[in-house]
**Student:** 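For reference, the structure I am asking about is given below.
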Amino acid sequence: MISNKLEQGCSFDPTKQSQSSNISTLNQQIDDLTIVLPIYQRNLSWPESKMVSLFNYQLFGKAPVAPISFNKLSYDNKVNQVDLINREIIDSNKLSNETLSIIDGQQRLATNYKAYINHESVQNIVLDANQGRFKLVKDNSKYDYQIPVGILLNKNEEELTNYLDNSGFKSFKDISTIAKVRTKLTQYSYTIHIANRMIEKEQIEWFEVLNNAGSKVTALQMAFAKLGSNDFDIYREYAEPFSKKIAEIDMDNLFKPYTTNVSYPVALLTPELEVHLKTPHSNNFCPIPSDTKEKKLARLDSNTLKMIINETLNDLDKALALLKTKKLYSKIDRMDYILYLAGYYAHNKSKKCK
């Protein structure tokens with residue numbers, strides 16, 4: 001006998017829900033919190049170079065950028081939502097059944113929105129009119145023929161007008177061309193796929209299918225995605241503070257490849273996890289990123305995980321302080337050295353490293 005599921009599957013075609021929306025409209029929706037982010041999504045991860053590539057592709061690309069996928073929320077939505085840039089949890093009273101929750105396309109949406117609000121992370125990205133492309137500049141230094149992307153694509157068009165009035169762009173043709181660039185990029189359209197009111201399990205399954213096929217999201221990230229649905233934001237509460245501590249000593253270049261922004265911090269949780277579980281550790285005080293214990297971590301309650309995170313960040317502080325005292329910063333060319341030293345502190349809390 002044929003299963004009724006086949007009839008049910010054929011009765012609805014989600015591709016009929018697809019539509020298009022331009023960047024200007026999407027940015028306004030993010031501003032109004034009618035586009036939000038489910039807490040299980042990872043933090044923003046694109047470096048400046050990736051953002052530059054997106055701006056250039058949107059300007060010169062001969063094929064559309066990949067579609068963006070949303071879930072339209074229901075009134076009884078159970079998944080906490082955060083704002084796209086700061087990951088602040090949004091009061092559920094501010095959400096409606098028309099709110100769109102991002103499933104796929106977070107990095108592209110965030111990149112365009114950062115230009116819209118002239119975010120600090122795009123300060124070194126400019127449109128170089130002489131070279132005819134977007135590029136990175138050093139230390140926020142710009143020439144008359146370069147326009148910061150946060151000015152060019154700013155929500156307030158007067159920002160660009162004022163900038164041009166005081167720049168090297170004087171001819172009508174030059175100013176007209178810059179205006180055309182702004183128009184193209186603000187009116188650039190994305191195909192939008194919208195699912196209607198999926199429950200939490202369905203959202204995470206869709207997220208996993210889209211991202212494993214595209215950006216190769218690891219089992220590690222998916223484990224914390226599921227944990228994040230329960231009010232705990234692993235990215236904001238741990239991965240970002242970890243990365244900030246490394247960036248403060250100008251060693252963020254050690255995060256290579258870029259996915260190690262998550263795997264390195266989570267690797268360092270293992271020593272404190274072993275201390276908490278009273279399990280023996282291996283010969284190394286800290287494992288390599290491919291040997292993390294995400295399954296064990298994801299089974300912990302949030303209070304225990306927060307305790308392990310706090311202890312781990314303290315271990316990291318001690319490791320970085322020792323390296324500073326011994327003037328060893330210049331000798332560190334691999335993150336493994338920092339992780340090993342912090343792991344040593346986790347397993348030897350009563351001892352001092354000399």
Side-chain angles (χ1 to χ4, degrees), residues 18-35 37 44-70 83-85 100 102 104-137 140-193 214:
S18 297
Q19 54 189 260
S20 65
S21 186
N22 63 46
I23 289 173
S24 179
T25 299
L26 293 168
N27 283 336
Q28 185 60 57
Q29 288 177 285
I30 295 169
D31 237 10
D32 296 339
L33 293 181
T34 52
I35 288 180
L37 188 72
L44 298 177
S45 62
W46 273 13
E48 292 173 320
S49 58
K50 286 279 286 183
M51 293 192 281
V52 168
S53 295
L54 179 66
F55 292 129
N56 278 322
Y57 192 85
Q58 288 174 167
L59 183 57
F60 299 110
K62 295 183 178 180
V65 179
I68 293 173
S69 300
F70 295 105
D83 70 89
L84 184 58
I85 303 298
L100 300 176
I102 303 166
D104 187 55
Q106 171 193 4
Q107 308 297 336
R108 285 166 285 152
L109 287 167
T111 295
N112 286 315
Y113 184 69
K114 285 177 176 181
Y116 182 71
I117 61 173
N118 198 13
H119 190 265
E120 60 182 12
S121 62
V122 298
Q123 296 302 303
N124 290 326
I125 301 176
V126 301
L127 174 68
D128 189 304
N130 283 2
Q131 296 183 15
R133 65 185 177 92
F134 287 96
K135 60 182 285 188
L136 285 175
V137 295
N140 204 23
S141 58
K142 303 173 183 67
Y143 297 98
D144 282 347
Y145 52 84
Q146 296 175 336
I147 306 174
V149 71
I151 298 296
L152 176 67
L153 303 178
N154 197 281
K155 65 167 74 177
N156 183 358
E157 193 170 358
E158 289 184 3
E159 292 289 332
L160 176 59
T161 301
N162 294 335
Y163 187 88
L164 292 176
D165 286 344
N166 297 288
S167 70
F169 300 95
K170 300 301 180 185
S171 73
F172 175 80
K173 181 180 179 181
D174 288 349
I175 294 174
S176 177
T177 299
I178 298 303
K180 287 179 182 178
V181 172
R182 174 184 166 88
T183 297
K184 176 172 182 180
L185 292 179
T186 56
Q187 298 304 307
Y188 187 95
S189 289
Y190 275 83
T191 297
I192 305 299
H193 297 319

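It should be emphasised that the depicted structure is a prediction, and the values quoted were computed from it without experimental measurement. When reading the values below, keep in mind they use all heavy atoms of this one structure, side chains included, and skip hydrogens, waters and symmetry mates.
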**Student:** Any donor-acceptor pair under 3.5 Å linking the side-chain atoms of Tyr145 with those of Gln131?
**Tutor:**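 The answer is no; no qualifying pair exists.
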**Student:** Ser121 and Met51: which non-hydrogen atoms are nearest, and at how many Å?
**Tutor:**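 Looks like O-CE, 3.6 Å.
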**Student:** Quick one: pull up CG in Asp128 and CZ in Phe134 and give me the separation to the nearest 0.5 Å.
**Tutor:**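 One finds 10.5 Å between CG of Asp128 and CZ of Phe134.
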**Student:** Would you check, one step at a time, whether the test side-chain contact (heavy atoms from CB on, under 4.5 Å) holds for Leu44 with Lys114?
**Tutor:** CA-CA 11 Å; Leu44 298 177; Lys114 285 177 176 181; 3.8 Å; yes
**Student:** How long is the gap from CG on Leu127 to CD1 on Ile178, to the nearest 0.5 Å?
**Tutor:**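 CD1 of Ile178 is found 5.0 Å from CG of Leu127.
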**Student:** Give, for atom CD of Glu48 and atom CG of Asn124, the distance between the pair rounded to the nearest 0.5 Å.
**Tutor:**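 Glu48 CD to Asn124 CG: 5.0 Å, rounded to 0.5 Å.
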**Student:** What do the steps show when you test Tyr188 against Asn112 for side-chain contact (heavy atoms from CB on, under 4.5 Å), and what is the final call?
**Tutor:** CA-CA 11 Å; Tyr188 187 95; Asn112 286 315; over 6 Å; no
**Student:** For Arg182, which of Leu152, Thr177, Ile151 qualifies under side chain to side chain contact (heavy atoms under 4.5 Å, CB included)?
**Tutor:**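 Single pass found, and it is Leu152.
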**Student:** Hey, does the side chain of Asp174 reach the backbone of Lys170 with a donor-acceptor pair shorter than 3.5 angstrom?
**Tutor:**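 No, the answer is negative, given that no donor and acceptor are paired below the 3.5 Å cut-off.
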**Student:** So how far is it from Leu153 CG to Ile23 CD1, rounded to the nearest 0.5 Å?
**Tutor:**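 CD1 of Ile23 is found 8.0 Å from CG of Leu153.
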**Student:** Please give me the minimum heavy-atom distance between Pro67 and Asp104, naming the atom from each residue.
**Tutor:**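 That closest heavy-atom pairing would be O-OD2, 4.2 Å.
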**Student:** Please check this pair: side chain of Ser167 against backbone of Leu164, looking for a donor-acceptor N/O pair closer than 3.5 Å.
**Tutor:**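 Checking the backbone N and O of Leu164 against the side chain of Ser167, a donor-acceptor pair under 3.5 Å is found.
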**Student:** Within the supplied structure, the quantity of interest is the number of heavy atoms (other residues, nucleotides, ligands) at a distance under 6.0 Å from Glu157 CD; does it exceed 12?
**Tutor:**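 No - once you tally the heavy atoms of other residues, nucleotides and ligands closer than 6.0 Å, there are 12 at most.
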**Student:** Taking atom types as modelled, find out whether Gln58 and Tyr190 have a side-chain donor-acceptor pair closer than 3.5 angstrom.
**Tutor:**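 Gln58 vs Tyr190: donor-acceptor pair found between side chains.
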**Student:** Any side-chain heavy atom of Asn118 within less than 4.5 Å of one from Glu159?
**Tutor:**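 They are not in contact (no side-chain heavy atoms under 4.5 Å apart), so the answer is no.
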**Student:** For the atom pair OH (Tyr113) and CG (Leu84), what is the distance rounded to the nearest 0.5 Å?
**Tutor:**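 These two atoms lie 8.0 Å from each other.
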**Student:** Would you say the side-chain atoms of Gln146 and Asn130 include a donor-acceptor pair closer than 3.5 Å?
**Tutor:**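 No, Asn130 and Gln146 have no side-chain donor paired with an acceptor closer than 3.5 Å.
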**Student:** Distance check, rounded to the nearest 0.5 Å: Asn154 atom CG versus Tyr116 atom OH?
**Tutor:**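 If we round to the nearest 0.5 Å, Asn154:CG and Tyr116:OH are 8.5 Å apart.
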**Student:** With a 4.5 Å cut-off on side-chain heavy atoms, are Leu54 and Arg108 touching?
**Tutor:**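 In contact.
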**Student:** Side chain to side chain contact (heavy atoms under 4.5 Å, CB included) with Leu100: which of Ile68, Ile30, Ile35?
**Tutor:**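 When side chain to side chain contact (heavy atoms under 4.5 Å, CB included) is applied between Leu100 and each of Ile68, Ile30, Ile35, only Ile35 qualifies.
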**Student:** Within the side chain of Thr34, is there an N or O that forms a donor-acceptor pair under 3.5 Å with the backbone of Gln29?
**Tutor:**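 Between the backbone of Gln29 and the side chain of Thr34 there is a qualifying donor-acceptor contact (under 3.5 Å).
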**Student:** Is there a side-chain contact between Leu37 and Asp83 in this structure, where contact means two heavy atoms from C-beta onward sitting under 4.5 Å apart?
**Tutor:**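 Heavy-atom side-chain distance check fails, nothing below 4.5 Å.
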**Student:** Tell me, do Phe55 and Thr111 make a side-chain contact under 4.5 Å, heavy atoms counted?
**Tutor:**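 Heavy-atom side-chain distance check passes, below 4.5 Å.
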